[in-house]
Each structure stands twice: as structure tokens, then as C-alpha cells.
Amino acid sequence: MKYLSLTVKVLSLSFFLCCFSAYSVNLSTVDSLPVKTSLALSDYFTETWNTPDGLPHNGINAISQTTDGYLWIGTWEGLARFNGREFKVFTRGSKIGLPDSVIKSLTSTQEGELLVAGARGGLSVRSNKQWLPQPSSSTMINDAIYDNNKNIWLALEGKGLIYRNKDTKKDTIIIDNIEAFKIVQDNEGIIWVATSKGLFSVKNKTLVRHIDERYGLPNSPAHTIILTKEKQLIVGTQQGAYKLVKGIFQPLHKRLANEKIISLLQDSDLNIWLGTNNHGIFKLSKNELEQLDESNGLPNNRVSSLYQDNEQSIWVGTSNGLFRLREMPFITLTTKQGLSGNFIRSVLSHSDGSLWVGSSKGLNKINKGLISTIKVAHSNEQLSVLSLAETPDKQVLVGTYTQGLYAVTNNKLQKLITTENGLPSNEIRSILVDSTKNIWLGTASGVVKISPDNTIEEFNKQSGLPANFIIALAEDHKGRIWIGTGNGLASYNKGSLQTYHLNDKFDAKYAFGFHVEQNSLWIASDRGLIHINLMTDEMSAVTKENGLPVDKIFQVVIDNNNTFWLSSNRGIISLTRSQINSVIQGKNKSIDYNLFAEGVGLLSSQANGGSTPAATLHDDGSVWIATAKGVSHINHERLQRMAETVLPVVIEQLNVDGKYYPLLSTVELPKGASRITIHYAGLSYLMAKQIVYQSQLIGFDKQWQNKNNQTFTEFTNLEPGNYTFQMRAKYPNGEWQENIASISFTITPFYWQTTSFKLFVIFCFCFSLYSLYRYRMIAIKRSQVKLKNLVAQQTIELQKQAELFSYQANHDQLTGLFNRRAFDGWCNNDFEKAKLANRPLTIAMLDIDHFKKVNDDYSHLIGDQVIKRIANILHKIIQDCSTETKLARWGGEEFTLLIMSDKEKAYDYCELLRITIKNYDFSDIAGDINITVSIGLTDNSEITEYDKMITRADQALYFAKHNGRNQVRIYQKSE
């Protein structure tokens, strides 16, 4: 310490200015350099990890990334390695070789090494996947770095600064009896150390200088220090951050004057990030200072470490977990950015370049990145916005949930029309201004057409619409108005309405949204994406049967790259036009798609629908989508940039029959190795769960095998021999990358698996065959009579077995009744006979009411007894009835009857069945059980195919079940 005092006393200001003239670059110079535009703090997607996610402790002290792609997290209870999906923890006593679990410092090198330091002077190096424990220091190491010559410098708790020679491993005390926190070496080879007594510099391991208030720094502890890409020194102190300008330290920003800065980072966009002791993060971009703290989602306001990974994500170590800020494919705006509400129902791209967002709590306008709120004129009322549209004069029309139609005039909402002056309902879910300036309003009670002369015309179910609940409106290039309802689709052309029954072909009811092209109409429905050829009115669809992950699609948007974006309540789906066309044209039966859900920038997987437009294409090519937690947008360039991110890939584990093997270039496996499992990972953190993989086992697979998102491959019972396993990865929309991870292994054969042994076995086998042949020739003659008798006996048994199989194929095992297969045969045969003879024929479908409750309340055994009892009741009534009837069990709790009469007589007959069952005493099965049935029926009048009778009977049964049960219903077309 005497040496230190003497050194400080002889320090000359002029010498100091001369020595450090290299650090004359200041932030004003940096600001003039060309830099990339960086995201605002509010536009980053954030995530948090803590102990429930696999971290050993929530206190994060250090973060680093090695050249193989792994992210390393130093905590108070051990070191964690992160691959994007899970943490692998290294603690005291593990192969890392440290005397204590506390990790305070992580330093990675371009050569792939990781220098790890922590409590009790622990120091270890990870090199070539091996841990090399180093001699411990006398106390906790707060920071450890390599200098330009690969010697090690240590910042110790209470013991100052230590220099360790790389060859002799000898420690030399440079500064003693002081708390040293952070070390940096500059381009001139000078070591800078932040300590409890301020900033010190060390030149040539001997010249130590204390940089105090004479050079602009406050007389307070310095906690951290960095050297920027522009060779500028920035110091974080107890009283703010300072930059070195022409030999004098100047405040980095006046707002930081009273902040305790304990971590620093310069990102790839040259922004400066500052972690504070109790006020979260500050980001300095040029002269703009932004702050992020607990009120904005940071897990804790104490930020002890900052790091930017290879994918430009910012990692933040706090006292309550690991936090990340990153750019994502989707950017989501919420109330945090200024929206009135988070539950978004509609989003409109305006021709003037602005975006309009309607939520359950009001209307917002986004123009040039600024969000403004559009309020109701002369009122404080809050509108729940359902729909938006733009008029030819660029006015915005607003449909609400309960308050009718509004228009935006002078940035205020003005009421236009409600039920008081002509609307059938104030619930407006869609608005269309057509090519002749008519305004069409889709309401919960029909469609309203308002002509330019203010004439109002209404259309509803009585007018020919399939339903009154209107969801979507669109106009095609022929001037036809398309109307999407809750029960099908209609078009309006020159006063004529035409209905399209989507349920006949696709089992669809809801038409949630439209996208119109020159000769195509795309419909987002509850049974996938439906296409109508506007030249021929021919319909086709891409559905769940073709590989879509969901049935219900709310909106379809086609961007400038011919990518289809489909919103749903399980995320956003993207498909290429070529994929869709191949299915529609019948070239392929299945499609490839990408599903984007939470974790890619979406705060909610639930996109909203039932109002329009629920998604839109903006003039800059971005796609905007209304979700349950904000409005989200994506563009092709951002997605493609992420898809092309370099993906390091690694083999993580080799497990053979439950035993782990070291990951050497070639692994010798034992004899009899039967189950080989190889775990691997793509070390990318932007969308880790979206990464897809391919693997190939050379020596077994002839080509790459798709593994989707699976991160392991298993092989069983491989033949002995030499194999090489290799894997590769990619992001959605990206190409398979050239990075390939591989591992070779050899399975040693048992002696009986060798070629010589196999030849010996073949010889013995052939000799045995010859001996058996000779013996058999003699034995055949002796057993001919016995064989004939055996053949005869087996023939009889086979006949009996065939008869049994025939019976089982056409009978229900539980009830003994004929089954569905037999019933189908009757229907086909009897329907044709009845049609030729012009005789009536009726099909009735009977279902036991609330049968699931019987199973749940009493047991499946009681349920089976109820089914058998009802089968006996039906069988007895049919035997006693003069009407010819065929009975079968359709499946589960359903029975079918084929009645040789018309539907009126059959109705009476079915009523008898229903009443008999209703009045039957089932108490011997269960004391308080009551059973009723519902029956739907139809006859063969006006039907040309028997399967249509089954469909109609089923629809009649459906109506009976949903209208009170315990009743018989005849099919009606209106149902």
C-alpha cells in the first residue's frame, strides 16, 4: 500500500494526458458514425427464466457465450449451460472442479475457452469440452480475464488485483487490500480495474495509477468498466457513468448522475446499456436515454450483468432471475405502448399510411410509429370497437359492439346511425363501402345497405340469407357483395341473393373473413380455408385433413411474397401459395405450414375473429393481426432474416443402454449394445422451440430423416459395425444449414456375430436340413393315414371358425344385435328394393340420453348393462309388432332401425319405443336410474341415395338432442 501511495503522488497530470490520448474518442464522435437503427426498449420481446425453469439460483452474477454457441450463466448456486430449451447445471463437486458453487465471473475467448471464477478463489477453464481446474486464489474472485499474452488477471474480494503467469502459475499482487470488481485491458496493453476506491490503471505490471476526481471521476467506488468498439473507456461508478474524452472523464448522461452503475454493455448497434443497483436498466442510444425496470417487466431492479449474444439478444442478470430482450418475428403493441386496450378486435390499414386499431376499450391510430387515442366527441364514453372500414374520401367508419356506427371526423368519433334511426342491431361486426359508394353494415340481426341518398335497405333470414348473424362482408371484381354469416355464405348481385351451403361439402358453418383476388375468393371458416373460383363458382378447401393444425380460421391475409397468413385461436399459420395451390388442384393431399404461437413475439396465441378486419396487410408489406393481448405485426424481411440466422449445432449426449459415453470423435461401444440414444441441439435462442432438425445415420439411413422439433434420435438393435451419426437444423422458412454435428461409433460384435461363425452355422444348418430331409422321407410314408385324418379334423374346425367369424363380423358383441356393418348392407339392399317397388322405407336413429352421466355416476359396467337392457326391450317390441323392422346397434349408445313404412307410421312406432323405455323400471340395474331416449327419423321420399337418409335421420336426432331430449323428431329441411 505504501508503494501505491508513492505511485499516486508522483503521478503527473500531463503524463496522464499524454499516455491516454488514445482515448480521445467521445460519444459525440460516436454519434456521428453510421449506426444501425436499433429497436426501442418498448419493441423488444422479453422473457424471464428462474429456478422453476431450471436455473440453480435466481441471483445471476455473470453471462457469457462460447464459440460453440452455448450460453453460460453464473449464479450464486452454480454454473448453468443453456441450449435454448433447458439448463444443464454444474455445481461444486461436479467435473467443473471449483471449491464452491458461487460463480462470479465468466470470460469466453475466440479460441472457444471459458474462464470460470467464483467463491473461495475457485478458477477453472473449459477447453475442448473438458474442464481444467486451476490453482485457487486466496479469496473470492469477482472477475477474471486473459490479457493479450494469455496471462490471467484476477479481481479479488478484499485482496485487490492479482497477476498470474500463464507458464509458472505464480500469482503477483499488483494492488493489495482493496475490493476489486472488474478488469479490462485496452489496445495499448494497459489494465484498468474498477475497485471500491475508484478506478486504477496498470501499465507493464508495475506502474499503478489511481484515476480520481482530478480526472473527472467522483471520489466513490467504481463498479464496472468497458472498452467500446471505438476504443473509448466507460466507467460505471457509485455516482453515475463516465466516458473518457481527451484524458478527462465526462458524465455519460446527466440523468445518470445519482445512479449506482454495476454493469455495462455496448451492443452491436453501438448503444450503451447500463445496469443499476436499484433502478433497473438504462439504454443510451445517441443522446436518447430509455429505462426499463420492474414496472415494465424486469424481474428485479438490481442488474448485475449484461450480455449480447451472437443473435443480438440482450441478456440481463438480475437478483431475481435471467431476463432477455430480443427482436422477434412478431412485434406486439399493447397498452404499454399506448393502446386503449389489449383485447383487439379489428385492425385497418389506411390509404394514407396510418393504421387503425379497434379494441374492447376504444380506437387508436398509429401514424409514423406514434399511437394516438381517438375519443368520442363531446363525451367520455368508451366504445367497444368491432369493425373498421375506410370510405372513398378516406374517412374511417367504426362499428361498435353496442352503440352502432361511428365515423372519425377531425380525430373525433361522431355517431352516425343506431337502432334508433334504422339499424336492426347496434352490434356491427363488419363494414363495407362498395364500388358504388353504398355502405354495407353486417350486424347481429342482418345486413343493412345504406345508399348514397341515405336510403336504407335490410336483408335477413326472411330475405334469403342463411342466418341473421353477419360476420364478414366483401366485394369482388364483378361487383358481387359477399356476406359471411354464422350459418353459411351468401352473395348479392343486382338485387338477387344467392346462398352457398358450406356445410354440404365441407361441414362448415361460419364464414369469418374474406380475401378477394381477381378470380378468387378466399374464405376463413370454421373448417379451414375455403376457395371459390369466381369464374365458375367451384369450391375447394384446405382443411385439417390436409394437415392444417386447426379447424377454425378467422382471417386470411396474402402478403407481397405470396405467403398466406391465417389467424386462429392457436396461433398464426403461414403457408406458401404453391403449397395451397397444390392441394386445391389435387396434386398433393397435405401441406407444410409454420405455426407461430407465444414465444415468437406474440403475447397470446389467441388471434381474435368474428369481426373484420381481424388482420390486414399494411402498405409497407407487414401483416397486422388482432389478438387477445395486443395487436401484432410481422414482415417477410424480419422473418427471413431470422430464418437465415446461423445455427450452431452440437451433439449433447450419447446414451447406450442407460449409460452415458464421452463425446469423442469415435466411440467404441460394447458387445450387445441394443438401445442407442443421441441427444442434440441447435444452439439458437431467438425461436428455440421453432427449430426443426434432420438426422442421418451413415451405415443405416440412405437419406436425411426429418425429426421436426425432436431433439433426440434413438436406434435399437443395430447390427455390429461402424456408424456415423450426423444432424443439422434450420428455422422455419429457412434452408438447411451447412453446419453439421456428427459422432462416429463402432458396435463390437459377439463371436457369434462374426462372419466365420455365421458360415459355420450355415454349414450346420444345411447338414441338419439334409438329415431332416432323409428322416422326413421315411416318416412321411408312416404318417400318411394319420395326416389324412388330421386334415379332415382341421377342415371341420376351420369351417366352424369361419362360421364364427361370419357371425362376429355382423353382430355386436355386447348386445348380440346386428352391428353397423350389417345395417349398412340392409340399407343398401332394402333401399334399392323399395325404390324399384315404390314402397316407403324409414330409417330411425335412437340415442340414449345423458349416457355419459350414467357412465360417470355409476360406472361403465352399469352403462353396459343399460345398453343390453335397452337392446332387449327394442328386440321384444319389434318381435311383438306387425311392422317389419330391422334393428342394429350403430355404436356406443346409438341404435338404428330400418322400418318398412312411411315416416308418419314410423313416428308412432318410435313413440311407442320411446315411451316404453321411459316407463321401464331399471332399478334392478341401479336403484335411482331413469333412462330416456331421443329418436330422429326420415323416410325415402325425395331421396335418391340411402346414405342421405342416414344423414337426415342423424340431423333429426341432433335436433331432438339439442331441443330437450326424450322425444322423436322427423327430419325437416329447416333443421
Side-chain angles (χ1 to χ4, degrees), residues 36 45 64-72 81-86 88 108 110-112 128-129 268 308-313 315 324 326-330 561 563 574-576 578-579 591-597 599-601 634-654 663 665 677-715 723-745:
K36 295 193 300 181
F45 181 75
S64 191
Q65 187 174 28
T66 44
T67 54
D68 56 11
Y70 280 116
L71 201 71
W72 299 84
R81 187 184 75 185
F82 191 38
N83 65 8
R85 289 173 175 262
E86 59 185 2
K88 180 177 181 179
S108 55
Q110 294 181 352
E111 294 77 24
N128 296 322
K129 301 180 181 180
S268 57
Q308 184 177 39
D309 68 15
N310 297 334
E311 297 170 322
Q312 317 311 314
S313 294
W315 296 84
R324 174 172 62 175
R326 57 174 172 163
E327 181 184 24
M328 294 299 293
F330 286 87
N561 294 282
T563 298
S574 71
L575 310 94
T576 64
S578 59
Q579 282 278 336
I591 50 101
D592 291 326
Y593 64 88
N594 293 315
L595 177 63
F596 298 94
V600 296
I634 187 171
N635 64 49
H636 179 79
E637 290 74 18
R638 186 163 64 241
L639 181 62
Q640 197 61 35
R641 184 170 66 250
M642 293 185 178
E644 294 170 357
T645 301
V646 175
L647 271 171
V649 289
V650 293
I651 307 294
E652 292 196 320
Q653 290 179 2
L654 173 63
L663 299 177
S665 56
T677 306
I678 301 173
H679 295 261
Y680 44 81
L683 298 181
S684 182
Y685 305 91
L686 291 175
M687 299 182 290
K689 293 182 180 179
Q690 301 288 323
I691 298 173
V692 292
Y693 299 92
Q694 282 187 338
S695 70
Q696 184 181 28
L697 183 62
I698 298 174
F700 181 77
D701 295 321
K702 294 183 179 179
Q703 58 188 10
W704 288 97
Q705 306 296 313
N706 291 323
K707 295 299 178 181
N708 298 321
N709 302 117
Q710 182 177 304
T711 57
F712 69 92
T713 296
E714 189 170 79
F715 304 96
Y723 299 91
T724 297
F725 175 84
Q726 56 185 20
M727 54 79 58
R728 60 185 182 181
K730 72 168 185 174
Y731 270 135
N733 287 20
E735 300 294 332
W736 291 109
Q737 301 203 1
E738 296 181 359
N739 293 334
I740 293 177
S742 64
I743 185 170
S744 297
F745 58 88

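Because only heavy atoms are used, hydrogens play no part in the values below, and waters and symmetry mates are left out as well, while side chains stay in.
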* To do: Please examine the side chains of Ile691 and Lys730, heavy atoms only from C-beta on, and report whether any two atoms are closer than 4.5 Å.
  => no

* Tell me, please, which residues at least two apart from Phe82 pass ring pair (Phe, Tyr, Trp, His ring centres under 6.0 Å). => Trp49, Phe87, Tyr685

* Asked: Taking it one step at a time, do Leu654 and Leu663 satisfy side-chain contact (heavy atoms from CB on, under 4.5 Å)?
  -> CA-CA 7 Å; Leu654 173 63; Leu663 299 177; 3.9 Å; yes

* Asked: Hey, are the side chains of Tyr723 and Ile698 touching, using non-hydrogen atoms and a 4.5 Å cut-off?
  -> no

* Structure fact -> Taken in chain and number order and not counting sequence neighbours, the residues that satisfy side-chain contact (heavy atoms from CB on, under 4.5 Å) with Glu327 are Leu39, Arg638, Arg641, Met642

* Would a distance-only check, ignoring hydrogens and angles, find a side-chain to backbone donor-acceptor pair under 3.5 Å from Asn561 to Thr563? -> no

* More than 12 heavy atoms from other groups under 6.0 Å of CZ on Phe715 -> yes

* **Minimum heavy-atom distance Thr66-Gly112, with the two atoms named** => CG2-O, 4.3 Å

* **Chi angles and distances behind the side-chain contact (heavy atoms from CB on, under 4.5 Å) call for Tyr70, Val650** => CA-CA 9 Å; Tyr70 280 116; Val650 293; 3.2 Å; yes

* To do: First locate atom OH of Tyr680, then atom CE of Met727, and finally report the distance between them rounded to the nearest 0.5 Å.
  => 6.5 Å

* Phe725/Phe745 under ring-ring contact (aromatic ring centres under 6.0 Å, His included): CA gap, chis, key distance, verdict -> CA-CA 8 Å; Phe725 175 84; Phe745 58 88; 8.0 Å; no

* **Partners meeting salt bridge (charged side-chain N to carboxylate O under 4.0 Å, His left out) with Glu714 (sequence neighbours left out)** => Arg675

* To do: Output all residues satisfying side chain to side chain donor-acceptor pair (under 3.5 Å) with Asn709, sequence neighbours left out; order by chain, then residue number.
  => none

* To do: Determine, step by step, whether Tyr731 and Asn594 satisfy the side-chain contact (heavy atoms from CB on, under 4.5 Å) criterion, reporting the C-alpha distance in whole Å, the side-chain angles of both residues, the deciding distance to 0.1 Å, and the verdict.
  => CA-CA 10 Å; Tyr731 270 135; Asn594 293 315; over 6 Å; no

* To do: Go through the structure and list residues passing salt bridge (charged side-chain N to carboxylate O under 4.0 Å, His left out) with Arg728, not counting sequence neighbours.
  => none

* Asked: By ring pair (Phe, Tyr, Trp, His ring centres under 6.0 Å), which residues pair with Tyr593, not counting sequence neighbours?
  -> none

* Verify, without hydrogens or angle tests, whether Glu652 (side chain) and Ala681 (backbone) share a donor-acceptor contact under 3.5 angstrom. => no

Distance-only donor-acceptor pairs under 3.5 Å for side chains of residues 699-708, two or more places apart:
{"residue": "Asp701", "atom": "OD2", "partner": "Leu697", "partner atom": "N", "Å": "3.0"}
{"residue": "Gln705", "atom": "NE2", "partner": "Gln703", "partner atom": "O", "Å": "3.0"}
{"residue": "Asn706", "atom": "OD1", "partner": "Gln694", "partner atom": "NE2", "Å": "2.6"}

* Structure fact -> In this structure, CG of Leu595 is separated from OG of Ser574 (nearest 0.5 Å) by 9.0 Å

* Which value, rounded to the nearest 0.5 Å, describes the distance between Gln726 atom CD and Ile651 atom CD1? -> 9.5 Å

* **Qualifying residues under side chain to side chain donor-acceptor pair (under 3.5 Å), relative to Tyr693, sequence neighbours excluded** => none

* Asked: By side-chain contact (heavy atoms from CB on, under 4.5 Å), which residues pair with Gln653, not counting sequence neighbours?
  -> Tyr660, His679

* **Any residue meeting side chain to side chain donor-acceptor pair (under 3.5 Å) with Gln308, in chain and number order, not counting sequence neighbours** => Ser268, Gln312

* side-chain contact (heavy atoms from CB on, under 4.5 Å) between Leu71 and Arg81, intermediate numbers included -> CA-CA 6 Å; Leu71 201 71; Arg81 187 184 75 185; over 6 Å; no

Show the atom names and distances, to 0.1 Å, of all donor-acceptor pairs under 3.5 Å that link a side chain in residues 736-743 to residues at least two apart or in another chain.
{"residue": "Gln737", "atom": "OE1", "partner": "Leu647", "partner atom": "N", "Å": "2.7"}
{"residue": "Gln737", "atom": "NE2", "partner": "Thr645", "partner atom": "O", "Å": "2.4"}
{"residue": "Asn739", "atom": "ND2", "partner": "Leu647", "partner atom": "O", "Å": "3.1"}

* To do: Heavy atoms only: give me the nearest Val600-Gln690 pair and the separation to one decimal.
  => CG1-CG, 3.9 Å

* Kindly indicate whether the side chain of Leu639, heavy atoms from C-beta on, has any atom under 4.5 Å from the side chain of Phe330. => no

* Quick one: list whatever passes side chain to side chain donor-acceptor pair (under 3.5 Å) with Ser108, sequence neighbours left out. => Ser64

